[in-house]
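Working notes, beginning with the structure itself.
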Amino acid sequence: MSQVVNAGFPLLTVTAGLPAVGAIATAAVPAARRTAAKWLALLVSLATLVLAVVILVRFEPGGDRYQLNESHAWIADFGVRYELGVDGIAVALIALTALLIPFVILAGWHDADPLETKSSRWRPTQGFFALILAVEAMVILSFEATDVFLFYIFFEAMLIPMYFLIGGFGDRAHQHGDKAAATQRSYAAVKFLLYNLVGGLIMLAAVIGLYVVAGTFSLSEIADARASGNLDMATGTERWLFLGFFFAFAVKAPLWPLHTWLPNAMGEATAPVAVLITAVVDKVGTFAMLRFCLQLFPEASKWATPVILVLALISIIYGALLAVGQRDIKRLVAYASISHFGFIIMGIFAMTTQGQSGATLYMVNHGISTAALMLVAGFLISRRGSRLIADYGGVQKVAPVLAGTFLIGGLATLSLPGLAPFVSEFLVLVGTFARYPVIGIIATFGIVLAALYTLVLYQRTMTGPVKAEVAEMPDLKLRELVVVAPLIALLIFLGVYPKPVTDIVNPAVQHTMSDVQQKDPQPDVEAAK
């Protein structure tokens, strides 16, 4: 059995530990020092980004599957170890997470400022930014964990700060006595928590079952046991365990029909928290499908593939159709994300190199494009005070920079060639078509619907006569430009040159393809003549 060699410096622990410590420090800032708490949270997030870049630089794509490993005894009597390691997919998603958090903090700079200062005991600003850093720490640890039980702990623990971010920091209506708005936020937060807790409890049963069968929670030890033929896992057992893991990840992703919590959560949360949900937290679900479902249960993954592909296809079309009919800007982006996650899951279970590389690249590109669109939408909503599309019109004439960045974010969402999501969506469709041509053909209708809901959204909000309510709307301020401009630049750069990301993730994809013992289908040259 291979041993995990500890890295000399615990880079992975420090990268996840820094925002955790930062969360505690931010929460402890005195109530009157709100600005200091904001700057502390921002500096911690920037320092975490620097560490993520160090991980990116030190990672060798052609080296061992898991690198920068750390392994220490934790709960020895139950075989639980504190075991960390990163492959190319984890490195890319850690970099995405560390990149987005500073923008989330900057975008939400005033979202938790108290409207009244009657009591100095309450510290909503400190709590808001501390919770964001706590989520960052738990997400990064989830990407790093190579012990199944350790992963489960942080997979579930991140629900708690997210619950408070959704339920406690929506719009300000409840502070003016609007109990209906507060009730809606509470409903969205509870629904988010219950859906994910149910998925987590089912996964816990599967985690225990895996330990009973394998005698360990370590991914490396389970892989060695499988390779040497020492892992005695009956077909039925493997399928049940796979379903337990997959159900939890499908809720988190989210996959139809387990998706209904997402529109509520994104609709009631502030725009930065909505970005945190769909661009960061939800990626843990699709990442875990690659790392745990396919690696631990290869035969069960192939057995379940036809059903999962159909569910992914329904997510693509269903999410896009509902996005077309939305009147609420934030809920439109939420349903668009459900459609995009359908593409990601379809690429994962197409069981081709192009599909899985495209799915991984899609996770990164979707995070950037959704952050750009949702944050600009948040700036727009904060100016007008309404999420309804019908309340806007002619914005591009009074705020052209806001409208321009909104357009680029929207065009990225519909995967326009030249912007980052196009490359990943193209790879997913090519990889799916190579093995499942009918699924691939039907999925292309999702692109048509994406063009429809994106362009209609832009037309109704940004063009036409200027409505009186937006006539005095200010354009983007410096802080908002600092948030949006780098995301737009990344969308363009990765749309033209995605090689830096694909070079990192492709070796990890090859390992996953080896786990499930799949090879890319060869084109039928004779039939093509």
Side-chain angles (χ1 to χ4, degrees), residues 1-21 48-76 78-98 136-155 157 207 210-211 214-228 230-231 245 283-284 287-296 360 501 503-515:
M1 218 174 259
S2 63
Q3 297 294 320
V4 176
V5 179
N6 288 318
F9 176 75
L11 180 59
L12 300 185
T13 295
V14 173
T15 304
L18 180 60
V21 174
T48 305
L49 176 58
V50 171
L51 291 174
V53 171
V54 174
I55 292 175
L56 199 62
V57 171
R58 291 189 58 183
F59 183 79
E60 299 177 7
D64 294 338
R65 181 173 190 173
Y66 294 111
Q67 300 178 32
L68 305 175
N69 299 297
E70 301 173 32
S71 182
H72 306 282
W74 185 23
I75 312 175
F78 296 97
V80 180
R81 298 185 64 81
Y82 177 80
E83 197 165 280
L84 307 179
V86 289
D87 60 1
I89 299 170
V91 167
L93 293 176
I94 290 170
L96 171 69
T97 302
E136 179 180 24
M138 293 172 188
V139 169
I140 290 175
L141 275 168
S142 297
F143 291 141
E144 295 175 345
T146 55
D147 181 278
V148 178
F149 192 80
L150 183 68
F151 167 83
Y152 171 78
I153 290 173
F154 295 108
F155 180 81
V207 169
L210 177 66
Y211 179 75
T216 180
F217 292 113
S218 171
L219 274 179
S220 59
E221 292 180 3
I222 293 172
D224 287 347
R226 185 181 294 280
S228 62
N230 294 327
L231 183 61
F245 277 76
K283 297 301 187 300
V284 178
F287 162 80
M289 291 178 189
L290 281 165
R291 172 168 282 190
F292 296 101
C293 286
L294 270 61
Q295 185 174 346
L296 294 174
T360 306
V501 180
D503 283 350
I504 293 172
V505 303
N506 282 345
V509 167
Q510 292 296 338
H511 284 297
T512 304
M513 289 288 289
S514 177
D515 290 334

Show your working on side-chain contact (heavy atoms from CB on, under 4.5 Å) between L84 and L150 and close with a plain yes or no. CA-CA 9 Å; L84 307 179; L150 183 68; 3.8 Å; yes
Working to the nearest 0.5 Å, report the span between [atom1] of [X] and [atom2] of [Y].
| X | Y | atom1 | atom2 | answer |
| --- | --- | --- | --- | --- |
| L219 | T146 | CG | OG1 | 6.0 Å |
| E221 | T216 | CD | OG1 | 3.5 Å |
| T360 | L290 | OG1 | CG | 5.0 Å |
| Q67 | I55 | CD | CD1 | 11.5 Å |
| I94 | I89 | CD1 | CD1 | 12.0 Å |
| Y82 | T13 | OH | OG1 | 2.5 Å |

Please identify each residue that fulfils side chain to side chain contact (heavy atoms under 4.5 Å, CB included) with V50, with sequence neighbours left out. none
Test of understanding: with side chain to side chain contact (heavy atoms under 4.5 Å, CB included), list the residues that count as partners of V21, not counting sequence neighbours. none
Y211: what forms a ring pair (Phe, Tyr, Trp, His ring centres under 6.0 Å) with it, not counting sequence neighbours? F217
Residues which pass ring pair (Phe, Tyr, Trp, His ring centres under 6.0 Å) with F245, listed by chain and number, not counting sequence neighbours: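 F245 satisfies ring pair (Phe, Tyr, Trp, His ring centres under 6.0 Å) with F297 only.
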Between D147 and E83, is there a donor-acceptor pair closer than 3.5 Å when you use the side chain of the first and the backbone of the second?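 Not at all, since once roles are kept as given, no pair shorter than 3.5 Å links the two residues.
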Whether the side chain of S514 engages the backbone of Q510 through a donor-acceptor N/O pair (distance < 3.5 Å, no angle test) should be reported. no
Name all residues meeting the salt bridge (charged side-chain N to carboxylate O under 4.0 Å, His left out) criterion together with D87; count only those two or more places apart in sequence or in a different chain, and write none if there are none.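 Partners of D87 under the salt bridge (charged side-chain N to carboxylate O under 4.0 Å, His left out) test: R291.
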Return a table of donor-acceptor pairs under 3.5 angstrom between the side chains of residues 136-144 and protein atoms on other chains or two or more places apart.
unit_1	atom_1	unit_2	atom_2	d
S142	OG	M138	O	2.9

Intermediate values then yes/no, side-chain contact (heavy atoms from CB on, under 4.5 Å), R58 and V91: CA-CA 10 Å; R58 291 189 58 183; V91 167; over 6 Å; no
Would T15 and V54 count as a side-chain contact (heavy atoms from CB on, under 4.5 Å) here? Give the steps. CA-CA 10 Å; T15 304; V54 174; over 6 Å; no
Minimum heavy-atom separation for [X] to [Y], with atom names?
| X | Y | result |
| --- | --- | --- |
| A52 | A95 | CB-CA, 4.3 Å |
| A73 | R81 | N-NH2, 3.7 Å |
| A214 | I222 | CB-CG1, 4.0 Å |

Which residues pass the side chain to side chain donor-acceptor pair (under 3.5 Å) test with D64, sequence neighbours left out?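 With sequence neighbours excluded, D64 shows a side chain to side chain donor-acceptor pair (under 3.5 Å) to no residue whatsoever.
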My understanding is that only residues two or more places apart in sequence, or in another chain, count here; which of them pass side chain to side chain donor-acceptor pair (under 3.5 Å) with Y66? Q295
Run the numbers on F292 and V207 for side-chain contact (heavy atoms from CB on, under 4.5 Å), then give the verdict. CA-CA 11 Å; F292 296 101; V207 169; over 6 Å; no
Side chains of L56 and I504, heavy atoms from C-beta outward: is any pair under 4.5 Å?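 Result yes, sub-4.5 Å side-chain heavy-atom pair found.
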